[in-house]
Amino acid sequence: MTFKHNFKKVLSATAFAAALVVAPAANVSAATNDASSTQQSATATSQDQQASQDQAASQSSAANQSSSTSTSSATSTSTVKKVAKKTSKKKAVKKVAKKTSKKATKKAKKTSKKATKKTTKAATAAVTASADQSQATDQQDDAAKKAAEAAAKKAAAAKKKAAAKKKAAAKKKAAAKKKAAAKKRAVAKKKAAAKKRAVAKKKAAAKKKAAKKSAEKAAKYWIAMRESGGYYTARNGSCYGRYQLLISYLGGDLSKKNQERTADRYVYGRYGSWVNAKRFWLAHNWY
């Protein structure tokens, strides 16, 4: 688009220069025609003068011939001189007319050449200015195009950088989320394991307690069977009841409940457990 526009500008400038060149040529032609017309006019005037002079000479010659024969020789001599003079004058007029025409033609050519040179110079300057303007416009267009390309490239790079930054942030966020989820799972797993261990421990403790209780119960029953056969009313001297405790230990209360409570207090206070009391009984046949 810019090249076509600049080409039209250059073409218009060239056409203008050609018009300027043609115009002085027309002026030269007109000047030459004017000079030629001037020369023809001078020649015609010279011819008219010559004809008038010839007619006057003829009339004078006729008058002289009719007036006197004696002066014919002198008149002929005078006529010859006049004719020679007129011929010389005619040649001088022709020479002046030719010189004037030549001078006018030379002046017109000089003027035409000067005008042509001036016009050509002006046309060349116009074409050069148009070419410089076209070049400047092209340079401006190229600079604008390069600036636009640079701006587009910069914007694309910034967009790519922003996308990369956003992607990195999303990746980091996803990694942090994944790490937090893993940590949460680890904590939950640890908590579940601790809970499981606590349950197992509690269960083991309960089992141990149940086993101990069962052992205690079994040992207590074993001693009761050895001491009284399991009867709460059995009596052997100062010992009474299921566990053959001293009557003084019972404090006057011989009930089953008091016998159980007093036997437990005695065994746990003396041996720590019925199992230990049984172990002692096995070693000494009493407790």
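Keep in mind the model is a prediction, meaning the values are calculated, not measured. In this chain, numbering begins with 1 at the start of the sequence shown.
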Next on the checklist: Under a plain distance cut-off of 3.5 Å, with no hydrogens placed, do Y287 and Q244 share a side-chain donor-acceptor pair?
Outcome noted: no
Pair up each side-chain donor or acceptor in residues 171-193 with any protein partner under 3.5 Å, not counting sequence neighbours, and list the distances.
none

Checklist entry - Taking only residues two or more places apart in sequence or in another chain, which ones pass side-chain contact (heavy atoms from CB on, under 4.5 Å) with K257? => result S255, R261
Checklist entry - Do you know which two heavy atoms are closest between A277 and V267, and how far apart they sit? => result CB-CG1, 3.8 Å
Checklist entry - Measuring from D264:CG to K220:NZ, what's the distance to the nearest 0.5 Å? => result 3.5 Å
Next on the checklist: Determine whether a donor-acceptor pair (N or O, by modelled atom type, separation under 3.5 Å) exists between the side chain of Q259 and the backbone of Y243.
Outcome noted: no
Checklist entry - For D142, what residues pass the salt bridge (Lys or Arg N to Asp or Glu O under 4.0 Å) criterion, not counting sequence neighbours? => result none
Checklist entry - For Y231, does the OH atom sit with more than 12 other heavy atoms under 6.0 Å from it, leaving out its own atoms? => result no
Checklist outcome for this item: All heavy atoms of S228 vs all of G241, minimum pair found to be CB-O, 3.5 Å
Checklist entry - Do I247 and S238 touch side chain to side chain, with heavy atoms closer than 4.5 Å? => result no
Next on the checklist: Counting only heavy atoms from other residues, nucleotides and ligands, does the tally under 6.0 Å from OH of Y249 exceed 12?
Outcome noted: no
Checklist entry - Using a distance-only test with no angle check, is there a side-chain donor-acceptor pair under 3.5 angstrom linking E216 and Y221? => result no
Checklist entry - Between D253 (side chain) and N258 (backbone), is there a donor-acceptor pair under 3.5 Å? => result no
Checklist entry - Between the side chains of E227 and W281, does any donor sit under 3.5 Å from an acceptor? => result yes
Item to check | Proximity of W274 and W222 rings by center, below 6.0 Å | outcome: no
Checklist entry - Is the shortest heavy-atom distance from the side chain of R242 to the side chain of K256 under 4.5 Å? => result no
Next on the checklist: Under 4.5 Å between side-chain heavy atoms, counting indirect links through other Ile/Leu/Val/Met/Phe/Trp/Tyr residues: same cluster for Y271 and L282 or not?
Outcome noted: yes
Next on the checklist: Assigning hydrophobic clusters by single linkage (Ile, Leu, Val, Met, Phe, Trp, Tyr; side-chain heavy-atom cutoff under 4.5 Å), is L246 placed with F280?
Outcome noted: yes
Checklist entry - Can you find a heavy atom in the side chain of L245 that is under 4.5 Å from one in the side chain of Y240? => result no
